[in-house]
Amino acid sequence: MNGSRARDAGQPLLLGVRHHGPGSAKAVRAALEASRPRVVLIEGPPEADPLVPLAAAEDMRPPVALLAHAVDEPGRSAFWPLAAFSPEWVALRWALEHGVPARFIDLPAAHTLAWERDEEDGGGEDTDGAGKDGEDGGMDAGAEQDALDEDVRVDPLGVLAGTAGYDDAERWWEDVVEHRGAGKGDALAPFTALEEAMTALRETYGSGGHGRDLLREAHMRLRIRDAQREFEDGVAVVCGAWHVPALRRRTGVTADRALLKGLPKVKTDMTWVPWTHRRLSRAGGYGAGIDSPGWYAHLFAAPDRPVERWLTKVAGLLRAEDRTVSPGHVIEAVRLAETLAALRGRPLPGLGEATDAVRAVMCEGTDVPLALVHDRLVVGDVLGEVPHTVPAVPLQRDLERTQRRLRLRPEAVERELDLDLREETGAERSRLLHRLRLLGIDWGRPAAARSGTGTFRETWRLRWEPELAVRTAEAGVWGTTVLAAATAKADADAVAARGLADVTALAEHCLLAALPDALPVVMRVLADRAALDTDVAHLARALPALVRSLRYGDVRGTGTAALAEVAAGLAERVFVGLPPACAGLDADAAEEMRGHVDAVHGALSLLGDVPAVPDRRLRARWRAVLRTLSARDTVPGVLRGRAVRLLLDEGELAQDEAARFMGLALSPGTPPADAAAWIEGFVGGSGGGLLLVHDERLFGLVDRWLTAVPTAAFTDVLPLLRRTFSAYESGVRRTLGELVRRGPGRRDRTDTAAAGAPGFGPGVDEARADAVLPVLRLLLGPDCDEGTRGERVEVRR
C-alpha cells in the first residue's frame with residue numbers, strides 16, 4: 001500500500017497517529033523528513049502557541065504537559081501530556097529544529113474548561129483532560145469531559161484488534177506498528193493504511209459516541225484552511241488517527257463556524273509543567289491510554305536490538321536488588337522471548353514475551369520480583385523538567401526559590417526525609433512542608449520517625465506528583481509567597497471551621513508551620529468555640545491537639561502562652577463535664593468515651609511537663625475525676641474499669657485497693673455482661689496482659705469469675721472477652737495460657753522452673769536482683785551510688 005492519498009496535490013498532509021505511540025512518533029519524524037512541510041499543525045490547545053519556543057530550551061526534558069487553568073478558578077484545569085515518544089512532541093521538536101512554524105489547532109482550552117464547569121456534576125474525578133481519546137486514550141483534553149447521551153463509546157483500536165483476531169489492542173498495535181519498522185520504506189504508507197482503517201470505522205460508527213469530537217474537528221478544519229491560505233500546499237497535520245477521515249471530508253466553512261457558534265468559554269492561562277511516566281499510565285489516575293510508558297520509552301530510544309537491551313536493563317535492576325542474575329541468564333531470556341514470539345506468531349518479541357522470559361529465567365518462576373520490574377521499568381518514575389522561564393503564578397516562583405535554597409529537589413520517586421528540628425535547615429524544611437500541607441499541596445506526608453517519638457525529629461515521605469502544579473496554582477489565590485498564602489488560608493479556615501476539634505487541629509498546624517500572624521485569629525476563634533461548646537466529647541477530642549501544639553512550640557521556639565491558657569481552661573471544663581457525661585451510656589457510646597478518657601489522660605501526662613501551663617494542679621484534679629468514675633454505679637463498667645486501671649498505672653491506687661474494686665465488679669450479683677465490660681476496661685489496651693501475668697490476685701479474681709459464669713450467659717460475654725484478650729501479644733497470651741493450665745495459687749518454685757515461666761517464686765532472688773545494678777549505674781551515671789539500696793529494693797519489686 002502506498003502513500004499517494006496523503007500526497008494529493010493541494011491537500012494537507014494528514015498524519016494520523018496514536019498518541020504516545022513510539023511507532024507513530026518514528027513514523028512522524030520520517031514523514032516530516034521526507035515531505036519537508038512549511039508549517040506543522042498539531043492537535044492541541046491553540047492557547048499554547050506562545051509556549052512553543054520553550055520546547056527547544058536545553059532544560060526542557062519530557063515528559064511534560066501543557067497545563068491550562070481558568071484564571072478565576074485555578075483549580076479548574078486540564079492537562080495535555082507529552083512524552084519523548086509522543087508523535088506530537090516529535091513533530092514540535094522537528095519544527096523547531098528546522099525553523100518551521102508549529103501551531104496547535106484543537107478546540108481552545110477556554111471551551112474545554114467552560115464545559116467542565118457546566119457539567120461538573122457528571123464529570124467524575126478525572127477532570128484533567130488527559131483521559132481516553134477517541135482512538136487511543138491519549139492527548140485530547142476534551143474527550144474525557146464528554147457529557148453524551150450515547151450508550152456506546154467506540155474504542156477504535158479495540159475494534160481493529162478484534163477484527164484482526166486479537167483480544168489485546170496493545171499487542172495488536174505492537175505487531176502491526178511497533179514491530180513492522182514504522183517509517184521505513186515509503187514514509188507515508190503507515191499513515192495511509194491507518195487512515196483507510198479509520199475511514200471504515202467512521203463510516204460504520206459515525207462519531208463512535210465521542211460527540212464532542214464533531215466540534216473539535218470543525219475547529220481543526222477551520223485552522224487547517226487558514227494555514228492553507230497562508231502556506232498553500234506545505235501544510236502537515238499531526239493528529240489522532242480517529243480524526244483524519246473527518247478532517248479529510250470536505251465541509252463548508254459556514255457550516256463549521258455555525259457548529260462552533262455560541263460555545264461557552266472562560267478566561268484561561270496556560271503553561272508547561274513537569275509530568276511523569278507514572279501519570280502516563282492508566283494505573284496512575286490520569287489515564288493517558290498506555291499501560292507501559294517505560295517500555296514505550298525504551299522502544300523509542302533503543303537504536304537497535306530492543307529486546308536484548310531491555311532484558312539487560314531488567315538484569316541490572318534485579319542485580320541491584322541483590323538477586324543472582326548473570327549474563328547467561330540474559331542470553332537464555334533473549335532466546336526464550338524469541339521462541340515465544342515465534343510460537344505465538346508474532347514478528348518480534350513484545351513486552352509480554354519479555355516478561356514471560358524474565359519470570360522463567362531470572363525470577364525462577366515467581367511473580368514477586370516482576371512487581372519491581374513493572375514498577376521501576378515498565379511504568380517507571382521518570383520526572384520531566386521545564387525551564388524556569390515558563391509562565392507561572394507568583395506562588396509557584398516562590399516555592400521554586402525556596403526548594404532551591406533548602407536543596408529540596410522535587411522527584412517522582414518516593415523518598416524518605418529525616419529532619420532534625422534543632423538544626424536551622426531541618427526546621428525550615430519542616431515549616432515549608434507543613435505550610436504546603438495547609439495549602440493542600442501534599443508534596444510531603446508525615447511518617448513515623450525511625451529514631452523515636454521525640455518532638456525534635458520529623459520524618460517525611462516526599463513525592464512530587466504533576467497535579468501538585470494545579471494545587472499550587474489554585475493556592476495562588478491566597479498569596480504570592482508560601483508564607484503569606486498559608487497565613488491567609490489559616491485565617492480563612494479558622495473562621496470557617498465547623499467544630500472545636502477543627503480549630504484545635506488548625507492551631508496545631510499553625511505552630512508546626514510557624515505562622516505567628518495567623519495564631520491570633522486562630523486563638524480568638526478557638527477561645528470562642530471552647531467557651532460555647534458544651535459537648536464533653538468535643539472538648540476531649542480537642543485537648544490532645546492543643547497539648548501537642550504546646551510541645552511543638554517548645555521545640556520550635558514559638559510563643560504558646562495563650563495556647564497554654566486555653567488548654568488549661570479546656571481541661572478544667574473536661575473535669576467538670578466528664579462524670580455526668582459518662583452516666584447512662586450504651587455499649588457503643590461507652591466504648592467511644594473510653595477512647596476520649598484515654599486521650600485526655602495521655603494529654604494531661606504531657607501537659608504537666610510544659611512550663612507554660614499555669615499551675616492549677618491539673619493532674620490532681622484529673623485523678624479525682626478518675627476516682628469519681630471508678631466508684632459511680634451509673635457509669636458503664638468499661639469506663640469504671642478503665643478509671644481503676646489508669647489510677648493503678650499512676651501509682652494513685654494500691655494493689656490491694658485495685659483488687660477490691662475488681663472483686664466488687666466481678667461479684668456474683670453483677671450481670672456477666674457488665675463484669676466483662678469492666679474487665680475490658682481494666683485489662684484492655686497496652687500492658688493489661690502483663691498486669692494479669694504479674695499479679696496473682698488479679699489473675700485469680702478474673703479466673704474465678706470466668707469459671708463461675710453460667711453457661712447461658714457465657715456465650716453473651718465471650719465476644720467481649722475475646723476482643724479483650726486477642727489484643728495481647730502472642731507471648732503474653734502464651735504465658736496466660738500456661739497460668740490457666742496450672743491454675744492460680746499453685747505457683748511454687750518447682751512448678752515455675754518446670755514450666756519455664758520465671759517470676760512467680762515465693763521469695764526474692766537476691767543474686768538475680770543484684771545482677772542488674774551495674775547496668776543501672778551505667779544508665780543513671782556515677783552519682784547514683786548513694787541510692788544503690790533503693791535501686792535494689794525497686795528491682796526486687
Side-chain angles (χ1 to χ4, degrees), residues 15 17-33 55-65 81-97 136 138-139 170 173-184 187 190 238 274-281 284 288-318 320 330 333-334 337-338 341 347-355 357-358 373-386 411-413:
L15 304 178
V17 300
R18 181 190 182 185
H19 302 314
H20 312 310
S24 287
K26 292 179 180 179
V28 163
R29 185 163 54 195
L32 294 177
E33 288 290 345
E58 292 183 1
D59 48 353
M60 171 75 90
R61 284 191 286 274
V64 293
L82 295 167
F85 51 84
S86 299
E88 296 82 1
W89 178 259
V90 170
L92 190 63
R93 292 285 301 182
W94 184 92
L96 292 171
E97 291 167 2
D136 64 357
M139 185 168 169
E170 293 288 334
W173 179 261
E174 282 191 346
D175 285 354
V176 301
V177 177
E178 306 301 338
H179 297 164
R180 297 293 182 181
K184 297 180 181 178
V238 178
W275 205 249
T276 67
H277 276 179
R278 193 170 299 278
R279 284 305 187 195
L280 290 171
S281 169
I290 52 174
D291 296 316
S292 48
W295 166 253
Y296 273 16
H298 170 78
L299 290 180
F300 182 74
D304 55 19
R305 305 172 72 87
V307 176
E308 291 87 338
R309 294 176 183 272
W310 176 259
L311 293 175
T312 302
K313 281 185 179 180
V314 172
L317 173 63
L318 295 178
V330 178
V334 171
E338 292 174 344
L348 286 174
L351 180 59
E353 287 71 32
T355 300
V358 170
V373 174
H374 182 272
D375 185 67
R376 299 276 185 88
L377 295 181
V378 177
V379 176
D381 284 308
V382 178
L383 174 65
E385 295 184 16
V386 299
E411 296 177 353
V413 180

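Residue numbers run from 1 in the order of the sequence given. What you see is a predicted model, and the numbers here were worked out from it, not measured in a lab.
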| query | Sequence neighbours excluded, which residues qualify as ring-ring contact (aromatic ring centres under 6.0 Å, His included) partners of Trp310? | reply | Trp295, His298
So do [Y] and [X] actually touch side chain to side chain, heavy atoms under 4.5 Å?
X: Leu280; Y: Trp275; value: yes
X: Pro274; Y: Glu385; value: no
X: Glu411; Y: Asp381; value: no
X: Val17; Y: Glu88; value: yes
X: Leu15; Y: Leu32; value: yes

| Passing candidate, side chain to side chain contact (heavy atoms under 4.5 Å, CB included) with His20, options Pro87, Pro293, Pro81 |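 Exactly one pass, corresponding to Pro81.
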| task | Please report the C-alpha distance between Lys313 and Leu317 in whole Å, then the side-chain angles of each, then the deciding distance to 0.1 Å, and finally whether the side chain to side chain contact (heavy atoms under 4.5 Å, CB included) criterion is met. | result | CA-CA 6 Å; Lys313 281 185 179 180; Leu317 173 63; over 6 Å; no
| query | For Asp375, which residues count as a salt bridge (Lys or Arg N to Asp or Glu O under 4.0 Å) partner, sequence neighbours excluded? | reply |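 Asp375 satisfies salt bridge (Lys or Arg N to Asp or Glu O under 4.0 Å) with Arg278 only.
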| Shortest non-hydrogen contact from Phe300 to Ala25? | CE1-CB, 3.6 Å
| Within 6.0 Å of CZ in Arg305, more than 12 heavy atoms from elsewhere |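 No, the 6.0 Å shell around CZ holds no more than 12 heavy atoms from other groups.
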| message | Return the CD to CG distance between Glu353 and Leu348, rounded to the nearest 0.5 Å. | response | 10.0 Å
